[in-house]
Asker: 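Just dropping this structure here.
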Amino acid sequence: MIWPAMTASRITVLAGGVGGARFLQGLVDVVAPESVTVIGNVGDDVELYGLHVSPDLDTVLYTLTGWHDEARGWGVRGDTARALERAARLGAEAWFRLGDLDLGLHLARAERLGRGESLSAATAALGHALGLRLRLLPATDDRLRTMLTTPAGELDFQTYYVRRRHADPVSAIRFDGAEEARPAPGVLEAIAEADLVAVAPSNPFISIAPILAVPGMREAVAARRERVVAVSPIVAGAALRGPAAAMLRSLGHPVSPVAVARLLADVAGCLVVDRADAALAGDVEAADVRAAVTDTVMRDGRARRALARAVLTAGGLPA
Ligand code: FO1
């Protein structure tokens, strides 16, 4: 008897920076990396010194190729900052800590963008050169920037996040350029053809919403809702990282996976919540989102693999 060839399930992941990258580390340990497509956030992108810096794409790139700084989550392990220190001594602004090796990546990207390559083509080339095995796509090749309204005025993302240490209460968020942006090549197909679409445990306002803000994206993910499994970045009334809890509060939501379920209810059929929030599963389901309860804190490789398996199971795939 001839058995049909086993085809690997195709998995598409919507991901922000550090939380997204850690989730992906677990995922590529339990499925073939070549079966994974990542749609990355570009709302955090920033032009510095004439260079295009794409922090969330780069965090995925470095983490999945082993160059990352595990403690910080972003940048290159062991990097130095001699170029930036020299720039600062020469009067340049230096609040965004670009390391020397990291700068090398930005120079290589700038060269490609400067000769007319798209961000997705440049990302693919940099990924290939670093040995990235999964497919990493920016949500869009067009300019899309997250802007936050605070008492200090409307701030671009990195001014809010790094320069002002996400200390300002946020009362509104918009995605500049979103209306004119188009999904990058391959993005809509990766959503339509996936056996599972996972939404990584990333901030719903500043990591996932900018991806869904690209025209056509929210509809494309909603059309696959029964195959979409999101992971709550909120555990036991707090965010695992960054300003998600403060943002939920200042934007008038409870700091709870229930708020995450409500925010994603049109696109995600299932939300994975932590055991610490098991008692909230009923409230998640009242938002018309199936709840799956497991350990979600990605403290080490074992925990990351277990979370990836739980997401596969919640999406009906073999784990
Ligand atoms: N985050 C910081 O908190 N301070 C920094 O100086 C900083 C520099 C930096 C350089 C390159 C890079 O790819 C990321 C960097 N990040 C820094 C992280 C980044 O701003 C945020 O983690 C993301 O944009 C939020 O997901």
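Order of appearance sets the numbers: ligands from 1, and atoms from 1 within every ligand.
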Asker: If Ile, Leu, Val, Met, Phe, Trp and Tyr residues are connected whenever their side-chain heavy atoms lie under 4.5 Å apart, and connections chain through other members, are I211 and M147 in the same group?
Answerer: no
Asker: Mind checking whether H253 and F205 have ring centres under 6.0 Å apart?
Answerer: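 Centroid separation for H253 and F205: below 6.0 Å.
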Asker: With no hydrogens and no angle check, is any side-chain donor or acceptor of N41 less than 3.5 Å from a backbone partner on I206?
Answerer: yes
Asker: Yes or no on salt bridge (charged side-chain N to carboxylate O under 4.0 Å, His left out) for E85 and R89, after CA distance, side-chain angles and deciding distance?
Answerer: CA-CA 6 Å; E85 283 156 17; R89 284 200 37 200; over 6 Å; no
Asker: R309 side chain to R304 main-chain N or O, any donor-acceptor pair under 3.5 Å?
Answerer: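 Such a contact is absent between R309 side chain and R304 backbone.
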Asker: Write down, by chain and number, every protein residue that brings a non-hydrogen atom to less than 4.0 Å from an atom of ligand 1.
Answerer: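 Protein residues near ligand 1 are D44, P55, D56, W74, W95, F96, R97, L98, D102, F157, Q158, Y161, V162.
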Asker: Run the salt-bridge test on R145 and E47 with the 4.0 Å N-O cut-off and return the result as yes or no.
Answerer: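 Yes, R145 and E47 are salt-bridged.
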